[in-house]
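Inspection log for the structure reproduced underneath, given as structure tokens.
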Amino acid sequence: MEIEKIKSVIEAILFSAGRKVTTRELMISLEISRDDLENIIYLMQEDYKKPNRGIEIIKVEDGFQLCTKKELYENIYPILDKRTKPNLSSAALETLAIIAYNDKITRAEIEAIRGVSADACIYKLLEFGLIQEAGKSDLPGKPMTYITTDEFLRMFGYTSLNDLPRLPKYRLDENQQIVIDEIIDDDVVNEAPEPEREENNK
């Protein structure tokens with residue numbers, strides 16, 4: 001199959017699917033190798049960068065999705081959705097960041113970090129499809145755990161969670177308070193704290 005034909009098939013598949021299509025799915029459909037597929041999609045991505053194009057192909061984890069360009073959001077949103085434009089509060093963004101940096105975290109662990117109830121924020125993030133339930137923990141009481149979704153990656157422009165910004169380094173002052181400081185002696189650098197997880201009482 002000629003490259004231009006493959007491009008048109010890829011575009012048709014991604015447009016029709018309306019979701020992330022995995023690399024494996026595309027390889028099977030097109031009967032081409034991973035390297036050939038990724039090279040062709042790269043060419044398509046470069047073509048979509050032209051100012052007269054309103055769409056783009058983004059990589060999401062192990063697949064690709066056809067999306068409108070982020071800079072055109074304000075033009076598209078009033079046409080497709082008449083609801084009030086969703087906004088995330090600082091509390092919801094804080095909760096989302098905690099979940100993104102802590103895989104399969106429970107509500108209690110989120111609240112231990114934030115120091116306040118996280119019920120409302122978790123509900124809102126679930127409603128927006130930015131997080132999802134990831135099964136029950138082995139901790140006592142079997143609490144539900146949460147992870148971010150592909151929609152989170154797409155909305156914030158990440159290919160995977162590995163693209164998240166590194167957490168800042170920190171040190172403790174004389175009052176044992178965390179002080180953010182990117183330029184400090186490596187000998188006293190600690191990784192940003194994670195929630196303490198209870199031991200599984202078996």
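- Within the 3.5 Å criterion, the main-chain N or O of S137 finds no donor-acceptor partner in the side chain of T145.
- Judged purely by atom type and a 3.5 angstrom limit, S16 uses its side chain to pair as donor or acceptor with the backbone of A12.
- Within a 6.0 Å sphere centred on CZ of R114, heavy atoms belonging to other residues, nucleotides or ligands number more than 12.
- Within a 6.0 Å radius of CD in E2, other residues, nucleotides and ligands contribute 12 heavy atoms or fewer.
- The structure places CD1 of I113 at 5.0 Å from CG of N102, a figure rounded to the nearest 0.5 Å.
- Rounded to the nearest 0.5 Å, atoms CD1 (I99) and OG1 (T106) are 10.0 Å apart.
- Other residues, nucleotides and ligands place more than 12 heavy atoms under 6.0 Å from the CD atom of E127.
- For E151, the side-chain hydrogen bond (donor to acceptor under 3.5 Å, both in side chains) partners at least two apart in sequence or on another chain are R154.
- For E71, the side-chain hydrogen bond (donor to acceptor under 3.5 Å, both in side chains) test picks out no residue, with sequence neighbours left out.
- We find the OG1-CD1 distance between T148 and I131 to be 9.0 Å, quoted to the nearest 0.5 Å.
- In this structure, the separation between CE on M155 and OG1 on T149 is 8.5 Å, given to the nearest 0.5 Å.
- A donor-acceptor distance shorter than 3.5 angstrom exists from the side chain of S8 to the backbone of K5, with no hydrogens or angles considered.
- Between F152 and F156, the ring-plane angle classifies as tilted under the 30° and 60° cut-offs.
- When the shell of 6.0 Å around CD1 of I3 is examined, it contains 12 or fewer heavy atoms from other residues, nucleotides or ligands.
- In this structure, K20 does not pair ionically with E61, as no charged nitrogen and carboxylate oxygen lie closer than 4.0 Å.
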